Amino acid sequence: MTRLSMPESLKNAIRSRETRRRGASPPALVGMGLIAGAVGWWLAMFALNHYAIDDTFIHLRFAENLAAGKGFRFWPADPPIYACTSPLWVMLLAAGRWIGLWAGSDPAWARLMSATAGLAGLVALYVIGRRAFGGPLALAPPLILAANPWWIRWSASGMEATAGAFFTLMAVWSAMTPDERNGWRAWRTGLWCALGCLTRPELILVPFLIGLAFPGDREEMGFFARRRRRAAGVWTPVALIGGCWMVFAWFHFGSWTPTAVEAKVRDAAWLPYVWEQGTTLGKIALLSDAPLIVAGLAWAWIAFMRRKRQDAAPDAPPSTGFFGSGLGAFIAMWLPALPLFILMGRGPIQSRYLMPIWPWVTLIGVWATYRLALWANGFRATHPKPVFAVLLIGLTLPFVYPLTTGAAIVWPHMRDVSANLAVYRAVAECLRTQTPPDALIAVHEIGIFGCDGERRLLDLGGLVSPEVNRRPDRGHETPLTVSTEFLMEQGATHYLDPHGRVRDYVGGPDDDGSIAFREIGAWTFQGGTALRDRQTYTRRLYELIDQ
């Protein structure tokens, strides 16, 4: 019986193919695992929870009216108010409404966009990490950021926070990417900066810092000439797009600045304000990134002592030039610049406003951990185990730590807020059915009530009722947050009391008997925020009766 033999050339081809397949299998499996993990993370942000905050519904209200051709208005019949601090986000929401992707007060489209922006930010951070680190270490920053409770919270919220962070990442990526046509790179960078500015107003800092950190590449030009050339290229799209919006804002709203700038200004004395907000900033950072912050401070101290003693040159990680030049300069300026900008404007420090710096905290923390591993290997230069041990511990802890703190503090808050949405809708139904059509209801939150309540609201937060910010008693302690005289002057017929202020006022020393409060309904909410106690509280709706 004759055996059929395979030609040697075909054997060699199959063997070569099998060898290539075996060699490519582990990277392919890792890639498939990362894609599956990214899809799972995105689904968890969008489909496995129903988290949204009241500000999400404020955006939806503006988007609904914009899609209907009524402009940037909260109340269709009233003049437009510049209360939307993220016009690009409202435009994207309005586009979804216009083509029928959402209706009513459904936040699904907003949450889809924020989850997608969160995932896009992780991918952008990986791309930047590839340029900064090279190799598998580039996976560490996006994996750690994906576990960050603040990144998770705002990716699931339907808010613009992660989109602002994504545009900042893309602007820096564009600035640090080699390009033969240097002018086009500057224009591309400026376009990302302009999109960021239309998403979050404080991102106006980004083109300034990019201009300082990335002067340009043409060696035949002087340093200051290159910097001027880069600045002109970056600022041209920012000026064109931002200028068009500012002109529109002036003619549409009659104002250059949003009402939130005035509404969120704190009236406390400077030192108590800075202490309060600085403490909040520390809590936010330590809750999510304590291991990375410790690693960064440890390496900063070691580098300082080594340079002071001049005992050895620093060990250089792969592609460390990115940290030694433009990227490192941008991170060094950006991390303190955003909180300082908020403090200078006397605004509140909130995790939402800090989203654009979180990827960079993660990136610099991973880099510091890597440098610590190299430093540890210096004790036993012939043995690599200390490097792997430090990296294993140093990069596992920043991933496990935020999962633990998030599960204990942030995610229970998200569940409480999700449960509260049903209570908010019950209150809105009461406003719609238990108050007259011409009622004016004074409230401290306007999102869901504005979408579902079908009654005019006096916004005591000052966003869509700017007269609240100009009242004489602003900044002074009053029993109802605003005075009863102010409520009656504005024509308020009802007051939704969130914290029992009416009960403290009635019969007290400040009660002059000019107003009677008739209770209509009461609702129990899960209370507090992610950094405070979560005690329940009751909101009560009162009718104001002038006596």
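Everything numeric here is computed off the predicted structure, so don't read it as measured data. Hydrogens, waters and symmetry mates are skipped; everything else that's a heavy atom, side chains included, is used. Throughout, residue positions are numbered sequentially from 1 according to the sequence presented.
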| message | Measuring from atom CG of Leu195 to atom CZ of Phe167, what distance do you get when rounded to the nearest 0.5 angstrom? | response | 5.0 Å
| Any side-chain heavy-atom pair from Phe57 and Tyr424 closer than 4.5 angstrom? | no
| field | Gap separating the NE2 atom of His59 from the CG atom of Asp54, nearest 0.5 angstrom | value | 11.5 Å
| field | Spacing of CG belonging to Leu363 relative to OH belonging to Tyr126, to within rounding of 0.5 Å | value | 13.5 Å
| field | Spatial distance of atom OG (Ser155) from atom CZ (Phe46) [nearest 0.5 Å] | value | 13.5 Å
| field | Separation between CH2 of Trp154 and CE of Met414, rounded to the nearest 0.5 Å | value | 9.0 Å
| field | Side chains of Ile293 and Leu286 in contact at under 4.5 Å (non-hydrogen atoms) | value | yes
| message | When you measure from the side chain of Ser465 to the backbone of Asp459, do you find a donor-acceptor pair of N or O atoms at a distance under 3.5 Å? | response | yes
| side chain to side chain contact (heavy atoms under 4.5 Å, CB included) between Trp523 and Leu496, intermediate numbers included | CA-CA 11 Å; Trp523 300 266; Leu496 185 62; 4.3 Å; yes
| message | Between Arg111 and Ala108 (side chain of the first, backbone of the second, donor and acceptor by atom type, cut-off under 3.5 Å), is there such a pair? | response | no
| field | CA sep, side-chain torsions, deciding dist, call: Leu287, Trp150, side chain to side chain contact (heavy atoms under 4.5 Å, CB included) | value | CA-CA 9 Å; Leu287 188 143; Trp150 307 122; 3.9 Å; yes
| request: Count the heavy atoms of every other residue, nucleotide or ligand shown that sit under 6.0 Å from CH2 of Trp256, and state whether that count exceeds 12. | output: yes
| said: So does Leu292 get a backbone contact from the side chain of Asp289, meaning a donor-acceptor N/O pair under 3.5 Å? | reply: no
| Are any side-chain N or O atoms of Thr56 and backbone N or O atoms of Met159, one a donor and one an acceptor, separated by less than 3.5 Å? | no
Which pairs of donor and acceptor atoms, one on a side chain in residues 66-78, lie under 3.5 Å apart (sequence neighbours left out)?
{"unit_1": "Arg73", "atom_1": "NE", "unit_2": "Lys70", "atom_2": "O", "d": "2.6"}
{"unit_1": "Arg73", "atom_1": "NH1", "unit_2": "Asp78", "atom_2": "O", "d": "2.5"}
{"unit_1": "Asp78", "atom_1": "OD2", "unit_2": "Arg456", "atom_2": "NH2", "d": "2.9"}

| said: Just so I know, are the side chains of Leu93 and Trp109 near enough to count as touching, which here means a heavy-atom distance under 4.5 Å? | reply: yes
| task | Could you verify whether a donor N or O on one side chain and an acceptor N or O on the other, from His413 and Arg153, lie under 3.5 Å apart? | result | yes
| Any side-chain heavy-atom pair of Tyr51 and Ile152 under 4.5 Å | no
| task | May I ask you to test the Phe449-Arg455 pair for a side-chain heavy-atom distance under 4.5 Å? | result | no
| message | Can you tell me how far apart CH2 (Trp151) and CG (Leu125) are? Round to the nearest 0.5 Å. | response | 8.0 Å
| task | Using atom types as modelled and distance alone, determine if a side-chain donor or acceptor of Trp358 lies under 3.5 Å from a backbone N or O of Ser351. | result | no
| query | Has the side chain of Trp334 got a donor or acceptor atom that lies under 3.5 Å from a matching backbone atom of Pro356? | reply | yes
| task | May I ask you to decide if Gln350's main-chain N or O and Thr280's side chain share a donor-acceptor pair within less than 3.5 Å? | result | no
| task | Start with the C-alpha distance between Arg200 and Thr85, add both sets of side-chain angles, then the distance that settles side chain to side chain contact (heavy atoms under 4.5 Å, CB included), and finish with yes or no. | result | CA-CA 7 Å; Arg200 289 298 312 168; Thr85 54; 3.7 Å; yes
| said: Is it true that, when you exclude His50 itself, more than 12 heavy atoms of the residues, nucleotides or ligands shown sit nearer than 6.0 Å to its NE2? | reply: no
| message | Using a 3.5 Å distance criterion without hydrogens, assess whether the side chain of Arg97 forms a donor-acceptor pair with backbone atoms of Ala63. | response | no
| field | Under 3.5 Å side-chain donor-acceptor pair for Ser105 and Arg425 | value | yes
| Side-chain H-bond candidate by donor/acceptor type, Trp89 with Thr199, under 3.5 Å | no
| request: Would you mind reporting whether Phe517 and Leu544 have side-chain heavy atoms less than 4.5 Å apart? | output: yes
| message | Any heavy-atom pair between the side chains of Glu467 and Leu458 that's under 4.5 Å? | response | yes
| Does the Thr162 side chain pair with the main chain of Ser114, one donor and one acceptor, at a distance under 3.5 Å? | yes
| Short side-chain to backbone donor-acceptor contact, Arg540 and Gly500, under 3.5 Å | no
| Taking side chain as C-beta onward, heavy atoms only, is Gln434 less than 4.5 Å from His494? | no
